[in-house]
Amino acid sequence: NLSIVSYSRPDANVTQHWAYGHADYEEKLGGLYFCHDAFNINHNYSGIYVKSDIKPDSYDVTDINFKGYNEWGNPEGLYNDQLSNKGISFDNHYCAALQFNICLNAGEEKIINIVAGIATDLENASVLSERYLQKDFFEDSIKFYANEYAKMDAVYMVKTPDEYINSMV
């Protein structure tokens, strides 16, 4: 039996207004959603999502619940059997902690894909995260871009007296 915690620190202030933030696990999304209500902004993006391809057993969305007053080497949230499962409003010290309790047999492996992105709203976050968490999306994207870069490498060449500069292109 393993308890695995994924942790990141999203900067959910995509609207330039610190005080209007909210974060929680959203059932409709099946993941964490960090949003800001704002006015007078020049874009439509007001949320950040963090979602995995399997449902987490618990979560945290704020450093005060996850890290507490401890150092990063031993966050308080890991002293409990599960994370707090609490949302937050009006905080600017977010975290995206997802806890997965899994049972593996000897020699068994488990891959958990986690995606983070920016969205216009909760519905947009659901659509985007489902797209990015499709089977083999990550692997196919890596193959696609490796192929594209190989094509570019075959076309772009520089020959200068400096080998270091030649290798930079």
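Keep in mind the model is a prediction, meaning the values are calculated, not measured. Computation of the quantities below employed the complete heavy-atom set of this structure, encompassing side-chain atoms and omitting hydrogens, waters and symmetry-equivalent molecules.
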**OP:** Given salt bridge (charged side-chain N to carboxylate O under 4.0 Å, His left out), test Asp53 with Lys135 step by step and report yes or no.
**Re:** CA-CA 9 Å; Asp53 57 356; Lys135 181 172 173 32; over 6 Å; no
**OP:** Return yes when atom CG of Asp162 has more than 12 non-hydrogen atoms of other residues, nucleotides or ligands closer than 6.0 Å, and no otherwise.
**Re:** yes
Subject >> Over 12 foreign heavy atoms within 6.0 Å of CD, Glu108 >> reply: yes
Original post:
Is there side-chain contact between His22 and Cys35, with at least one heavy-atom pair below 4.5 Å?
Top reply: yes
Original post:
Remaining members of Leu83's ILVMFWY cluster at a side-chain heavy-atom cut-off under 4.5 Å?
Top reply: Val5, Tyr7, Phe66, Trp72, Leu78
Original post:
Which residue pairs pass the ring-ring contact (aromatic ring centres under 6.0 Å, His included) test when at least one of the two sits in residues 97-135, sequence neighbours left out?
Top reply: Tyr132-Phe137
Original post:
Residues two or more places apart in sequence or in another chain: which of them pass side-chain hydrogen bond (donor to acceptor under 3.5 Å, both in side chains) with Tyr145?
Top reply: none
**OP:** Look at atom CD1 of Ile111 and say whether more than 12 heavy atoms of other residues, nucleotides or ligands are closer to it than 6.0 Å.
**Re:** no
Original post:
Any side-chain heavy atom of Asp24 sitting closer than 4.5 Å to one from Leu32?
Top reply: no
Original post:
Is the CD atom of Glu76 crowded by more than 12 outside heavy atoms at less than 6.0 Å?
Top reply: yes
Original post:
Would you say the side chain of Asn85 lies within less than 4.5 Å of the side chain of Tyr59, judging by non-hydrogen atoms?
Top reply: yes
Original post:
Have Gln82 and Ser58 got a donor and an acceptor in their side chains that come within less than 3.5 Å?
Top reply: no
Subject >> Flag side-chain contact, heavy atom, 4.5 Å: Pro75 against Asn70 >> reply: no
Subject >> More than 12 heavy atoms from other groups under 6.0 Å of CG on Asn74 >> reply: yes
Subject >> Asn166 and Thr160: side chain donor to acceptor below 3.5 Å >> reply: yes
Subject >> Test item: Ile64 and His93 side chains (from C-beta on) under 4.5 Å apart, heavy atoms >> reply: no
Subject >> Other residues, nucleotides, ligands: >12 heavy atoms within 6.0 Å of Glu148 CD >> reply: yes
